[in-house]
Amino acid sequence: MPLMPVKFNLQKRVKLAQGLWMLYWVSVMVGILIFSLGIFFKVELRKRSEMMDNNESHLVPNLLILTGLVTCAVNAFGGKVCHDSLDPMKFAKWKPMLKQYFTGCVAFSAALLVVALLCFLMQFSVYLTLAEGLKNGIRFYKDTDTPGRCFMKRTLDMTQIEFRCCGNNNFRDWFEVQWISNRYLDMSNDQVKDRVLSNVEGKFLMDSVPFSCCNPGSPRPCIQHHLTNNSAHYDYDLRTEELNIWTRGCREALFSYFSSMMSSIGALIIFTILLEGADMAGLKYLTTSLESMSDPENPECESEGWLLEKSVKETICEACAKAKALIRPNQVTEGEEPPAA
């Protein structure tokens, strides 16, 4: 007995075909959006590659680009079938392909689910890559004369300005590294020399941050030097005053940016899976209603459409039997003699 049978007449079949045609082209638009987001995500990873120590993975954006292209192709084919479904001559040429098309749609929906899961699971990898990349970026901030690191200062400054962040975890990360190059230090100055010699590693450490950490929205002029010295500034207390530098770390800011992007794309792909399911269900009703017409030459006659020709249990059992036959085609059953050579 067919699963969820529905009676159709000519008017219902026409409305179903027209509605499905529009739904398929909405799916094509969604595929274009997924393709565009994949390219945008890939460009953003390239742009922030220095902040990720050039270890960023492009698996997800590459899959999104491929997924978008396949989504467009699959749904454009379905839209063409719906457009030609009410013409018996045109529909006849698509009829032999429909079984393979439905099988491909089910496999593609499963692949979409994998891509959606990757969008959520790969966020942890992005977090670790950002942590390591920002740590090294702060360490190489002063190396403006070193090949391969010449633009690290500019990149990190622009990142802190754009994302309104400071340091890796917070602004105190700048206290632990020498971020001023030795070429700009006056080594004949006794204070500079004492500060360098007092450090075990011979670094010039300060309780200061780069200018890019300053919050331009603060009413007070930026305090970027001697942040922990309350007596160095008038009416200033580090513990109580709201600092006029960004207090959020860049790892948190960048991770929030990428994770929100990946979560939004994952939600869009889940919506695409639901849309694909609606497309397949509608197309199944349309094709079965056309195939079950008692008089194909009379378009006015009634017909019946269904989702599955048999019940769910029978369909699953039949699919399992076919799969076993494909996996073990030449296996000899017990008690049966092998065929003579």
Side-chain angles (χ1 to χ4, degrees), residues 44-56 129-239 241-255 257:
E44 284 298 299
L45 286 176
R46 290 286 187 191
K47 191 189 298 184
R48 317 292 172 192
S49 60
E50 287 186 272
M51 298 296 98
M52 297 180 172
D53 203 28
N54 296 312
N55 289 325
E56 72 280 4
T129 309
L130 281 171
E132 187 65 23
L134 285 167
K135 181 180 177 181
N136 291 331
I138 292 173
R139 188 156 54 93
F140 301 143
Y141 181 85
K142 63 180 176 60
D143 299 337
T144 52
D145 298 328
T146 305
R149 302 174 187 169
C150 303
F151 299 102
M152 181 59 73
K153 176 186 179 300
R154 180 182 182 278
T155 301
L156 198 49
D157 281 335
M158 294 304 297
T159 299
Q160 293 188 143
I161 292 171
E162 181 180 352
F163 288 91
R164 300 182 177 185
C165 58
C166 184
N168 186 0
N169 299 305
N170 52 55
F171 65 93
R172 294 183 181 275
D173 292 327
W174 291 104
F175 301 170
E176 302 172 2
V177 297
Q178 178 182 336
W179 53 272
I180 296 180
S181 176
N182 287 331
R183 66 182 294 186
Y184 302 115
L185 295 176
D186 183 9
M187 299 307 295
S188 63
N189 188 298
D190 292 337
Q191 292 182 352
V192 174
K193 190 181 299 184
D194 291 343
R195 189 182 289 268
V196 171
L197 294 176
S198 63
N199 189 278
V200 177
E201 298 180 358
K203 295 179 180 179
F204 184 77
L205 303 181
M206 303 180 297
D207 55 344
S208 305
V209 295
F211 77 97
S212 54
C213 286
C214 293
N215 178 4
S218 174
R220 181 168 186 165
C222 184
I223 297 175
Q224 65 181 105
H225 300 292
H226 307 294
L227 291 174
T228 58
N229 187 358
N230 292 334
S231 61
H233 312 282
Y234 175 74
D235 192 19
Y236 174 78
D237 188 351
L238 174 65
R239 296 170 299 176
E241 182 171 348
E242 183 180 352
L243 296 176
N244 55 3
I245 60 172
W246 304 118
T247 55
R248 185 168 70 155
C250 288
R251 175 172 55 180
E252 179 187 349
L254 283 168
F255 177 70
Y257 174 70

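Heavy-atom basis, side chains included; hydrogens, waters and symmetry copies ignored.
Heavy atoms only, all atoms of each residue included: I245 and L227 are closest at CD1-CD1, 3.8 Å. Residues G167 and Q160 share a closest heavy-atom pair of N-OE1, 3.0 Å. Annotation for P210 and D157: closest pair CB-OD1, 4.1 Å, computed over non-hydrogen atoms. Across all non-hydrogen atoms, the minimal contact from V209 to F171 is CG1-O, 3.7 Å. Across every non-hydrogen atom of D186 and S188, the tightest pair is OD1-OG, 2.5 Å. The nearest pair of heavy atoms linking T129 to M52 is CG2-O, 3.1 Å.
The pair E162-R48 counts as a salt bridge, with a side-chain nitrogen and a carboxylate oxygen less than 4.0 angstrom apart.
The CG atom of N244 sits 5.0 Å away from the CD1 atom of I223 when rounded to the nearest 0.5 Å. Note: N168 CG to E176 CD = 10.0 Å, rounded to the nearest 0.5 Å. Atom CZ of R195 and atom CG of N189 lie 10.5 Å apart (nearest 0.5 Å). Separation of atoms CH2 (W246) and OG (S212) is listed at 11.5 Å; rounding is to 0.5 Å. With rounding to the nearest 0.5 angstrom, the NZ atom of K153 is 8.0 Å from the OG1 atom of T144. Here the straight-line distance linking atom CE of M152 with atom CD1 of I138 works out to 10.5 Å at 0.5 Å rounding.
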Evaluation steps, side-chain contact (heavy atoms from CB on, under 4.5 Å), between F175 and M206
CA-CA 6 Å; F175 301 170; M206 303 180 297; over 6 Å; no
Checking side-chain contact (heavy atoms from CB on, under 4.5 Å) for the pair M51/L156: CA distance, chi angles, key distance, verdict?
CA-CA 8 Å; M51 298 296 98; L156 198 49; 3.6 Å; yes
Please test H233 against R220 for side-chain contact (heavy atoms from CB on, under 4.5 Å), starting from the C-alpha separation and ending with a verdict.
CA-CA 11 Å; H233 312 282; R220 181 168 186 165; 3.9 Å; yes
Is there a side-chain contact (heavy atoms from CB on, under 4.5 Å) between L185 and Q178 once you walk through the steps?
CA-CA 11 Å; L185 295 176; Q178 178 182 336; 3.8 Å; yes
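Between C250 and C165 the SG-SG gap is short of 2.5 angstrom.
Put simply, the side chain of K203 does not reach to within 4.5 Å of the side chain of V177, judged on heavy atoms.
Contacts of S208 classified as side chain to side chain donor-acceptor pair (under 3.5 Å), with partners at least two apart in sequence or in another chain: H225. Under the rule for a side chain to side chain donor-acceptor pair (under 3.5 Å), the partners of K47 that lie at least two apart in sequence or sit in another chain are E44.
Atom NE2 of H226 has 12 or fewer neighbouring heavy atoms from other residues, nucleotides or ligands inside a 6.0 Å radius. When the shell of 6.0 Å around CZ of R164 is examined, it contains 12 or fewer heavy atoms from other residues, nucleotides or ligands.
Side-chain atoms of N229 and Y236 include no donor-acceptor pair closer than 3.5 Å. Side chains of N136 and D53: a donor-acceptor N/O pair is present below 3.5 angstrom, by distance only.
You'll find the ring centres of W174 and Y141 inside the 6.0 Å limit.
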